[in-house]
Each structure stands twice: as structure tokens, then as C-alpha cells.
J.: 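Handing you this structure, nothing more for now.
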2 protein chains.
Amino acid sequence: LSSQFESLDYEPWESRVFKEESSKKTPSSLTKQGITRWVVVFFIGVCTALIACTIDICVVEITKLKYGFLKKYIDKCVTENCLYMPYLLWLGISCGFAFIASVLVTYGEPVAAGSGIPLVKCYLNGINVHRLHRLKTLFVKAAGVTCSVLGGLAVGKEGPMVHSGAAVAAGLSQGKSTSLGFDFGILKEFRCDQEKRDFVTGGAAAGVAAAFGAPIGGVLFSLEEGSSFWNQNMTWRIFFCSMVSAFTLNVVLSAYHGQIGQLAYDGLLNFGKFPDIPFTLLELPIFIGMGIIGGLIGALFNQMNYHISVFRRRFIVSRWAKVLEVIVVCCVTVTAGFVMIYCVNDCKPLGPKDDIDFPIQMFCEDGQFNAVAAMWFQTPEASVRALFHDQPGTHNPLSVGLFFITYVFLACWTYGLSISSGIFIPALLSGAAWGRLVGLGLYRLTEGAAWADPGKYALIGAASQLGGIARVTLSLAVILIETTGNLSLGLGLMLTLLTAKLVGDCFNAGIYDMNVQLAGLPMLPWSSPPLCYGTQARDIMSKPVVVLREVERVSTVLSVLEETRHQGFPLIFENRFSGSQGNQNSFGMLRGLILRSQLKILLKEKAFCSSPTGSASQPPVSLETFRMYYPRYPTFQGMHFTEEERSSYLDLRPYLNPTPYTVPMHASLPRTFQLFRALGLRHLIVTDDNNEVVGMITRKTLARYR
Amino acid sequence: LSSQFESLDYEPWESRVFKEESSKKTPSSLTKQGITRWVVVFFIGVCTALIACTIDICVVEITKLKYGFLKKYIDKCVTENCLYMPYLLWLGISCGFAFIASVLVTYGEPVAAGSGIPLVKCYLNGINVHRLHRLKTLFVKAAGVTCSVLGGLAVGKEGPMVHSGAAVAAGLSQGKSTSLGFDFGILKEFRCDQEKRDFVTGGAAAGVAAAFGAPIGGVLFSLEEGSSFWNQNMTWRIFFCSMVSAFTLNVVLSAYHGQIGQLAYDGLLNFGKFPDIPFTLLELPIFIGMGIIGGLIGALFNQMNYHISVFRRRFIVSRWAKVLEVIVVCCVTVTAGFVMIYCVNDCKPLGPKDDIDFPIQMFCEDGQFNAVAAMWFQTPEASVRALFHDQPGTHNPLSVGLFFITYVFLACWTYGLSISSGIFIPALLSGAAWGRLVGLGLYRLTEGAAWADPGKYALIGAASQLGGIARVTLSLAVILIETTGNLSLGLGLMLTLLTAKLVGDCFNAGIYDMNVQLAGLPMLPWSSPPLCYGTQARDIMSKPVVVLREVERVSTVLSVLEETRHQGFPLIFENRFSGSQGNQNSFGMLRGLILRSQLKILLKEKAFCSSPTGSASQPPVSLETFRMYYPRYPTFQGMHFTEEERSSYLDLRPYLNPTPYTVPMHASLPRTFQLFRALGLRHLIVTDDNNEVVGMITRKTLARYR
Ligand SMILES: Nc1ncnc2c1ncn2[C@@H]1O[C@H](COP(=O)(O)OP(=O)(O)OP(=O)(O)O)[C@@H](O)[C@H]1O
Ligand SMILES: Nc1ncnc2c1ncn2[C@@H]1O[C@H](COP(=O)(O)OP(=O)(O)OP(=O)(O)O)[C@@H](O)[C@H]1O
Ligand SMILES: [Mg+2]
Ligand SMILES: [Mg+2]
């Protein structure tokens, strides 16, 4: 577990200043706050969708330019025998984009690397991932993923959308931007970790809704994968957020496709609309079988990716090496594509029904096109669509098989590179490839029975592969149902997904959880490990505990802050070693808890008093001031204290949390874990029978037990 | 709040005997338990679906017989002028069924009355509703709802399916039936409230899945409405359960309709399949407007129903009066139907496309049929289907309007009668009626524009009305999407539902919550009331606290059990009034907690020892024995104690929970509430600064604050 990550404060901090402030609140101010929440959520939905649209339109337009340009050269060079030319051009263009994508992330904002879903998950779990929601991160993520996709890498733009949505939510809900240095002075009541988290959950849902046009899928994704804390009142806001997002996307994309004012734009179903395909009871074993295959391939994929990541962490550390690796992967990808197009001569007649932007003729006869080239000469998303919807005869089993092997290998290598990239589309694409193979086999076996539709099996394969890799079930089923507009296959999809998940779980964790573990993020699982009732709180707690008194000398506070790195300090009543009741292990009677950040603000504000009994005359530092510093607390640099100040006192009583959560030292690990996890705590103080402090339990103490 | 309801014990009880037992568990026994869970869940899904199929098929077949029979008479009597005959026959048949439905519930099992959803909600919230899951309840519910529907009342069979699913789950997961008096001796590890609750959540989802053929809707319903505690691991099992249920239903109903082995049986979409209907941005205001109307009508409906329920509680108390009321409502319903058919002469030509089982000609010309009669001569479900799918010209606006007013009034009167009945279908039907009116208006205004499809607006109206009454949004949207097979309307549906909910919430609570409040069920809301940081735990706690010592005299235990009705007793170390530290309000140093049920079992088992220091030699009563008594604990009747036994001691140390949850007496109400609610506690002990017991907080203490 890495010590660089700190936790978020999800508990309401019931100090005296807080209670005084909240006693002044009126029901009408609460109503106002409630309405403001809905308004903020509305804008989160809209902005997330607009970002998604921008990315989408950029990708579509530039891809068209890119492959249109290349097609011209290929068509010319096939006859003139200069095929190295389009190859080099292809390489150049792709590497150019890949280079930008990689430099942006590596030198700009490393936290924007990867899909972002694991980090958002951790944030919602309560870990403060630095710079996760900065404006710069958002920009790098959005621009980076556009370039990665344009670079022709085996990546999708869907995962990053979740991160973008989360960043938008975190930004908008604060009413200020520290990066840009302005503060609208609004939404001040939302400037705390807890409120922010709720908005981020909505933003993540909006991200999925915008990425796939799947509002219900978005809510479920947020629920299944993201959120660690859930509550019914939140559901409706999240739902609203992802609905607004899907609406906006629909309106904008409809307008972009020339149907202004229309809403039923089919492009929202970005994997194409599936007609109703019947399925029979006899197919259930096939679905289960495909689920098992998907689970196995997924587990293998995750394992391979794990080893690659470990290798990367050890040997590819410097920045330029990371950029170089991206370039290498990009070259390999382009080369693989080119070699396949060159070698596999899978010619198909070009019918009027074929929906291919750039049919490449290559060595095919006139009126025919190279089906392999069609797979490479478009965005991965379009390839998924092709595998789902092309006529049974379009693809040669051999070339699909070859494509699958190449692509799954590339995807595995690509995921984890220093670019922003999602795993959804690559997984769906490779799954669709083998799924289609299965479908083609069945089609031939049954001599073209109506139910043996290769497109249907491509869909099942895609679901199964993604289920095996990401281990998402419910939300994925809904997302696939929503994006394909097909409900009748719902049951089949669910069965496959559940099987894939269960099979995969026998071998290893899902890819997101693997990322979390690799990064050493102290994420708390849903429940404590089984069979650990024998372990007690006192066995795992940290001690000795660094404690402070309710009214403490400034010099003591300063030295404690400088000497330790703890984030919270229990406050005691008696002097440290007066040892009431003679318990040698105790550090004093518990009176409250104070956070490091609060101490820093108090020091910065110089809220000192001269007498050790505290001073009642001086008005306490207001909550307003505390919120002003959020979320970037002052550092010691630039803080100077005179000798007189050092020998004066800090009266912590108005600011301390007088009733921090405690756990008796004999409590079992499951009970301790449950308390910590269900309430989203940050500090849990271990007490003995007399309510005296004997130890401290924090996130990292518990995250070790999984 | 009624004191007749006790709570469930959701906390794991970490006593010494429990820890010893769990230390013997091996990972393989855990795996076995995990697999068993999935198997049990599978059977829950299957059985729930089979019950749903049985109800469905019975209703369909007998309805056919009933209306076929009546139609013959009507056709004859219209010419022979003896229309009182079919009227009396109709009255007789309907009242017969209504009588059976009512007697079953009133005399058989009163807990089976109503929709059952509020009770299941309360159960999942942690309230032990007596007899809720008995076999008899299940039977009465299933048979009762069949008869209610057959009686032609304004009821649906969907709500009761949720209850049936829950009852199936609670029964199957225990591996025994106390009613039938057999015990398979299996699944003993699931005999505790916590495990049972998890299965019941799955069963409720399976119920929705079977009622509507909507597996995802089922999971969401369980999440949104039912479950108060949620955890990711559970999601997948619930998902599996509702999937299995939908599968089974599909297979059985397909077979019933003669398509053995098929799975894409459209009948699963029991509101008929909607084709893709486009909608434009301009319709959004219409949807929002309809949402507002639905919210208003819903609020009015709830308010009226509330007053009717209050009236009923005061004046209709004896059993025969309840049965009589049902008969009266049934007569009014039939009469209303008959009068409408007689008076409104809404004749339509009978086309080949019309899907009407029993077209009644009445006073219409040959080749025509009475459109009003068609609405009454079928199950409410079929009427909903008709309003969704009939051609624009089928219904006369005036007769639809009349139907709406009559039906909404009947539904309001019917809901809450002493029969088992759901509100889903009546709400959808009345909503579909006014929705269709709106649609017809738009159709005329726009002179038949493609988007102004009356069926589409009927759907939106139905959703809005149900949203306004039940205040369910997310899951309802999914259910409607799943049952109509239409995704493109999804966004419109969601918008309408959310509006209806928000508007309705301005006036009163949803109908289920109203039922809960009326019945005095101590359900805990999701969060504590706002603005109550000033209230402290010590202000709300009960005191004096009845405490026991760790090793206590049998006679003391007996007198405490007889004199008080508390369900849990804190155990203290010192003698009651030795008053350590001189705190006058304290009842002693906390050592643990014991439940009334455990004390009763220990007394019954006569686990006594002679010395006040306890006896180590005697093996403690095993957990096995505790489970044997679950869930019906011994009563004092038949327990006799000799004088010697009375003066011996009960050593509670192996059975007590050594680390019960406590809260400091200065903690605020929100913090106390949060702790209690998030962890699903039953007892929360209030302690002072020295960890001495000063008060007690339980569900009913907190349920008062809402
Ligand atoms: N006041 C304290 N006295 C002694 N040990 C402490 C104290 N506070 C925390 N610890 C222990 O020191 C370690 C690091 O402290 P820290 O406060 O950074 O916790 P953490 O687990 O990193 O959680 P956070 O994310 O809140 O920083 C933890 O193992 C914790 O148990
Ligand atoms: N040991 C006790 N000593 C004193 N008062 C108690 C004790 N246990 C409970 N009470 C109080 O007595 C009342 C009824 O007790 P009871 O145990 O029946 O609780 P309840 O709220 O009905 O919850 P439950 O559903 O568990 O029965 C509650 O107000 C509770 O606060
Ligand atoms: Mg730390
Ligand atoms: Mg009670």
C-alpha cells in the first residue's frame, strides 16, 4: 500500500462551530440548497454530454480524413507498386497522434493515464487521489483520448468519459476553479468531501450515459462499480444527471447529423440497432459455454496484463521511455494491420447494403473489397458495429480469427500504456470477433437457421469477453441492451455475463481491481475477509497514539505536526501519563478528535490565546474560513511564529469533533471493518473498558486485510 | 407507532460460542456455503415464477369462461329485452369471487391484505412483521389475488407477486416449514435474520421479474424501494434470482401458448410490444406537463385513499363488515361497468385487426361492437394493453374520459380493502386512460402527425400516474421499458416519471409510505430529519435501563423477563448501584448485551450453574440449539422452575455480545441515527464518558423522529 494517498473526510464534522452554524439554518435555506443541488446536477449532465460530443465528433471527422487520405494512396499504390508509401504515411500519422497522446499524459498529467475508472472508484471509496479532478486533468483526458483513438491504437473512448464526467462534477459543484484562480463565491455549502462525492457519483453516471447513450446503464454502473456509499435520495439525482446527459448528447448528435430537434437519433445506439432475434431454449448451453470461454479469456487477459504492468513498473520508469513505448506499440499496431491487409486476401463483393466508409480494393477484383482492411480502416467502435451487423458471408472465419488473436494481444499490451485509454471497446471488439466465429460455425452447422445469426453471437461474445475482463454484470447488460436497442436478447446477455464473471472470479480479480492493487491504492473492499473473528481491534491498531490536549501549547502542536505524518489526533482530557485507573497502555480519556488540516488552518489563522484554560472572549474561527481553504490546506512554508506565539495556547474545543467513532479493543476485525466501511470513516479510535484511548485504526490499517 | 412490531436482528452476534464455531470453519466450508446460496437462489427464482404462471394462467382461463358466458347472455338479452339477467349473473359471479377473496384474507390471514409491498419494505428495513412469510400467507395471497382479479375489482396482481416472491424466498431458504411441521435438516446456516433478509431481497426482485417479465426492473425495484441495506456481492445474486425467474416464466408461458422450447415469447411483454415511435424535442414540454398532471392526480389519489383508510380503521373494524365492504365495492364496480355499457353507445366497426376476446354488440349495428363494453369485459391488464395499442379511432374521447373518472374512483376505494390487491395495474390503467385522452387531443390538433400517437401518450400517462401514486422512478422506467420492449421512449418515460415524483412529493408521501405510516410500522427513513444537530442522544434515550449482571441469579432473570417487555438487556460488571466514579445516572460498567430470546432459550434449556462465579466445566449451550429455536422462541408457558433452580445462576458470558454498539451521550441525533441506520442495529447503548451505561436507544426511539 502506497502511503502517498490520503483519505477523504466523509463524516460530518460535528464540532461546536458546525452545530452553531447549522442551528441557524432555516427550512427554507434547506429547500434552497436542495434546489441548488438539482440545478448543479443538471449542468453536470449537460457539460459531460458536451465533452462527449466534442470527442465523438472530433474522432469521427478526423478519422474520416485520415483513412480517406490513406485510401487514396493505397488505391493508387496497389497498381503502381509503391505500397511502402501508404504504410509509411499510415505509420507517420498514427505515431504522430500517439506521440501527442502520450506526451500530453506523460508530461502533462500522469494521473490522466489509463481508463480512469479505477481511480474514480477509489475516489468514491474515500481515497483522495491527487489532481484527479483538476481542470488540467480533464483537458488532458479529453484531448488525450481523442488522440489515442486517432492514433489507431486498440483503445476506446468510453472509460475516460467516466473520468471526465467525474471531473466535471467535481469542478462544477465547487463554484470555483483553483487552477484558473477564480471563485464565483457560490455553492460554498458544497465545499466539503461528502457533498463533492455525491456529485461525483452523478458525474460518473453521466459519463457512462454520454459514452454509450445509456442513461439507466449509467446509473447502474455508478451503483455497481463506482459508489461505495449509496442512499435512495441520491439515486434520483444520479438518475436525473445521467438522463440530462443522455438527452443533451442525443440533441447535439442529432443536430450534428442534420436532424435538428429530433431526439430518436439512432446514432445514440452506437453499436447499431439490433432487430429482434428469436432465441430458443437450446441456445442456453451455448450462451453458458460462451460465458465460460469469455471468463477464461478474460482471466488470461488480466493475468497477462498484470505481468506486463509489473514489467512496466520495473523497467519503464523514465518519461521518455514511456513515450517511446507508446510509439513502439503504435508502430506494431499499424504494422500488424498493414501486414494483415497485405497478406490476407479476403475479397468480398461490395454490395449496396455494406456500410463501409472506406472500402479498400487492394488486390481484389473490381467491385470487390478487402474485408480485412475494412476492419482496420475505421475506429474500433465502427468495427464492433460491423461485426454485429454485417451479413453472415461478409467475413472469412480465418481472417476474423487472425484479427481476434492480433487484436487481443494488442489490446493487452496497450492497456496500461501512458495514454488515456479505455478497455471497454477493445474488449468488446475482440469478444465480438470470437463471438462471430462461434456464430459463423453455428450458421454453417445449422445451414443458416434463423437463430444462428452470427451478429447475435458476436454480441454475446463481446459481452462475455468484457464480462470476463471487467467483471461487470448488471450494468453491462443494461448498457448493451440500451446501445443495441434490443431487449429480447436481454436474458441471454445476462446469463453469459454472469457466467463469465463467475468463471473469471475463480482465477483472478477484475482488471480494474487489479489496477487498484498494483497502484497500491488502499481501497476498502465491501466486507472484511471471512474467518477472521479471532482477530481483535487491539491486534491491528497502531500505537502509541499521538494525542493532544483540548487546549494545547502552540509549540507542542507545531512539533507534533512536524514530527508525525498522521492526519488525525485524538484529544484527551487529562495529562498524558497521569494514567487514570492505572492502565499502562492508555493515553488518556478521550475528549474528541482533530484533523491535521484543521490544526494547520488554526495555526495559519493564529487563533491563539494566552491562558491554558482558553479564552471565551475571542470569537472562534468560523466555518466559512475553514471552507475557504478547502481542499488545499496551507503548508508550513511561510508560517512563522514568534516566541510569544509559540508559548501561547490553541483552544481546540470549538473545532474538535466531540464524539468521534470508537471501537472497543476487544471488538473483532469484522465488526471493526463493518463499522469503518459502512459509515465511510477516516479515523476509528480504539478504546479500553474505561473509554480511554489505546490505539488508532485508519484506512491503511484495514486495507491490509483483504 | 404500534408496539406490536418487533425488530429483526441483523447484526452478527459475536458471542464466544459464535466465535468458537466460526473458528472451526474452513475455506472449503465457506465455498460450499457460497454455492448453496446460489442454488437456493435458483430455486427461489423458479418457484416464484411458477406461482406467477399459475396465477396468470388461472386468471386468463377463468376470465375467458366468465366473460364468454356473460357475453352469450348479453347477446341474447339485448334482443329479448332481459338485460337484468346478465347484469344479475355478472353481479353474482363477481361477488362470489370477491367474497372468496375477502373471506380468505379476512378470516384466513389478514396480513395478506393489500399489495404486500409496504410490508416487504418494512421487513427489509428490519421490522419483524408477524406471519408475513408463512406458507399460509403465501397461499392466501396467491389464491386471494386470483379471486380479486376474477371478481372484476379494480386491482392488479403485480404487487402481490412481490410479496409472494419474498415469502417463497423466506420459506425456501430455511429448509424447513414450521407450518407443515417438517424440517429437511438442511440450510441450517441460513437460519438467522440476516441471511434470510438477503434471500428475501432476491425473492422480491424475482417477484417483480415474474410479474412483469422485467428482470432488470426487478433488481432495481428491490434496490430502489425494498432494500435498506445493500452490498455489491448481493447484487449479483439478486440479479441471478430475477433472471432465473424471468427465464422460467418465459419458458412456461411459451409452452402454455404452444411454443415449447421458445424463449422470445412476446406475452412476457405483457403490455404488448411498442414499435419504435420517434419523438421530437418539442414534445418534452408535453411530457413534463403530463408528469405534473400525473403528480397532481397521484397526490390527490393518495390523499383520498388516506382519508378512506382512516375512515375504515375507525368504522369498519369487525370482520364481517370488512367482507361486506368488499361485496359492496364489487357491486358498485359491476354496476358502474354495466351502466356505462348500457348508457354509452360507443359503437365501432369490428375490424379483423381488433384483438378483443369478447366483442359485445349491445345496441350497436351488426358488424360493430360496443367499445366501452370491451374495456370492462376483460382483465385490467388487457385494458391497459388496449389503450396502449388500439388504433387512434377506436375509443371515443368522451367514453375514455368517463372510464377514467369511474375507474380512478373505484381504484381509490378498492385499494386498502380486505383483499389482496395491487395498485400497479389500476394506476397504469387510469393513467393510460387520461394519457390516451391527451394523445387523442394532440392527434386531432396536429391532424394525425406521426409523433402524436395516442398509444404513446397513453403509455406516458400511465407512467406518470403510477409515478405520482407510488413515487417509484428508476425501476418503474425500466419495468415499463422492459414490458413494452421499447427503448426509444425511455428518455421520455424517465422525464415524465421524475417530474411526477417531484411534483407529488410536494404534497404528500407515496402510497406505500402512507400505508406504512398508517399501520404504525416503525420504519426508519434513509436519514434523520434535517436541522436536529441540537438534539443529543441523552435527550432521546430511554432510562432507567434494565440491566443484568454477567452471571445472574435465575430468579432475577425471570422477574426481569416477566416485568419488562424489553428485547435486549445490557450486561454490567459491577453491582448496580455501586456507582463507580460516583455517576448517579449510571447503571454500571458495560460488559455486553443479551437478547430476550436468548435468555428464554437458556432458561428453557436450563443451562444453570450453582456458583455465582459460573462454572467452566459445563459445556455451553451450542449455537446449533439456538438455531433450532429460530424464529419462534419458547414462551414461558410450560416452563416450571423448582426453588433450587430459581436460586441457582445463569452464566451469560459465553452467549453475550461482548462489544455491542454504543454511542456517547453527547452525540447528536444525526450521528446516532446514522450509526443505527447504516449498520442496521437493533440496540444502541448510550454511555457516558467512562463507558458506563446511562440509556438505551432502539428502533422505536428513533422512528419517532422523521
Ligand atoms: N494520532 C495517531 N497516533 C498514532 N498513530 C496514528 C495516529 N493517526 C494515525 N495513526 C497511524 O499511522 C498510520 C498513518 O497515519 P495516517 O493518519 O496517514 O493514516 P492513513 O491510514 O494514511 O489514512 P489517511 O488516508 O487518513 O491518511 C496509520 O497506520 C494509522 O493507524
Ligand atoms: N434494557 C432496557 N432498559 C430500559 N429501557 C429499554 C431497554 N431496552 C429497551 N428499552 C426501551 O424500551 C422501549 C421498548 O423496548 P423494546 O426492546 O421492545 O424496543 P423496541 O423499540 O420495541 O425495538 P424492538 O423492535 O427491538 O423490540 C424502547 O423505547 C427502548 O428504548
Ligand atoms: Mg496517510
Ligand atoms: Mg418492542
Side-chain angles (χ1 to χ4, degrees), chain A residues 12 14 19 22-23 25 30 215-216 219 224 230-233 235-236 239-240 243 246-247 250-251 261-264 276 278-282 473-474 477-478 482 485 487-488 490-491 494-495 498 501 526-527 530-531 533-534 589 658-659 664 666-668 670-671 674-675 678-679 689-691, chain B residues 12 14 19 22-23 25 27 30 215-216 219 224 230-233 235-236 239-240 243 246-247 250-251 261-264 276 278-282 473-474 477-478 482 485 487-488 490-491 494-495 498 526-527 530-531 533-534 589 658-659 664 666-668 670-671 674-675 678-679 689-691:
Chain A
E14 304 191 347
K19 283 186 188 158
S22 75
S23 73
K25 276 191 192 157
L30 277 186
I216 299 169
V219 177
E224 189 177 358
W230 188 263
N231 149 351
Q232 199 194 28
N233 303 331
T235 321
W236 290 310
F239 181 39
F240 180 66
M243 214 180 73
F247 254 122
N250 203 330
V251 171
Q262 288 296 309
L263 266 172
D276 280 335
F279 74 102
T280 61
L281 213 51
L282 297 173
T473 56
L474 189 57
V478 177
E482 286 188 285
L487 262 166
S488 55
L491 282 177
M494 291 176 214
L495 190 67
L498 205 60
K501 183 197 151 53
W526 281 91
S527 56
L531 306 177
Y533 285 99
M589 172 86 72
T659 50
H666 298 291
S668 69
R671 179 201 185 287
Q674 176 69 8
L675 177 66
L679 296 174
D689 289 345
N690 299 309
N691 208 27
Chain B
E14 303 191 345
K19 283 186 186 158
S22 76
S23 73
K25 276 191 194 158
L30 277 187
I216 299 168
V219 178
E224 189 179 357
W230 188 262
N231 144 353
Q232 198 192 30
N233 303 332
T235 322
W236 289 310
F239 182 39
F240 181 66
M243 213 180 73
F247 254 123
N250 203 330
V251 171
Q262 288 297 312
L263 266 173
D276 279 338
F279 74 104
T280 60
L281 212 51
L282 297 173
T473 56
L474 188 58
V478 177
E482 286 188 288
L487 263 167
S488 55
L491 283 177
M494 291 175 215
L495 190 66
L498 206 59
W526 282 90
S527 57
L531 308 177
Y533 285 100
M589 173 85 72
T659 51
H666 298 292
S668 70
R671 180 211 190 275
Q674 178 68 6
L675 177 66
L679 296 173
D689 289 346
N690 298 308
N691 207 27

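Residue numbers start from 1 in every chain, and the chains themselves are labelled A, B, ... in the order their sequence lines are given, proteins ahead of strands. Treat the numbers as computed from the prediction; the structure is a model and nothing was measured. FYI, side chains are in, hydrogens and waters are out, and symmetry mates aren't considered; it's all heavy atoms of this structure.
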J.: Quick one: of B:Met494, B:Lys19, B:Lys25, who has the most non-hydrogen atom pairs under 4.5 Å with chain A?
T.: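 Highest number of pairs under 4.5 Å: B:Met494.
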
J.: Determine the minimum heavy-atom distance between A:Thr659 and B:Arg671, stating which atoms define it.
T.: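 Smallest interatomic distance, heavy atoms only, reads O-NE, 2.8 Å.
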
J.: Is there a donor-acceptor contact under 3.5 Å from the side chain of B:Asn691 to the main chain of A:Asp689?
T.: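 A pair under 3.5 Å: yes.
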
J.: Using non-hydrogen atoms and a 4.5 Å limit, figure out which bit of A:Pro215 sits close to chain B: side chain, backbone, both or neither.
T.: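 It is the side chain, since no backbone atom gets that close.
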
J.: If I measure from the heavy atoms of chain B, does A:Gln674 come under 4.5 Å with its side chain, its backbone, both, or neither?
T.: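 Looking at A:Gln674, backbone and side chain both touch chain B.
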
J.: Examine whether an atom of A:Ser22 lies under 4.5 Å from a heavy atom of chain B, and if so say whether it belongs to the side chain, the backbone or both; otherwise answer neither.
T.: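 For A:Ser22, the contact with chain B is made by backbone and side chain together.
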
J.: Rounded to the nearest 0.5 Å, what separation is found between the CG atom of B:Leu531 and the CG atom of A:Leu30?
T.: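 One gets 4.5 Å once the value is rounded to the nearest 0.5 Å.
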
J.: Once ring pair (Phe, Tyr, Trp, His ring centres under 6.0 Å) is applied, do any residues pair with B:Phe239, and if so which ones, sequence neighbours excluded?
T.: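 By the ring pair (Phe, Tyr, Trp, His ring centres under 6.0 Å) rule, B:Phe239 matches no residue at all.
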
J.: Pick whichever of B:Gly534, B:Ser668, B:Pro27 has the most heavy-atom pairs under 4.5 Å with chain A.
T.: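 The option with the most such pairs is B:Ser668.
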
J.: Say you draw a straight line from CG of A:Leu675 to CG of B:Leu675; how long is it, rounded to the nearest 0.5 Å?
T.: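 Nearest 0.5 Å value for the CG-CG distance: 6.5 Å.
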
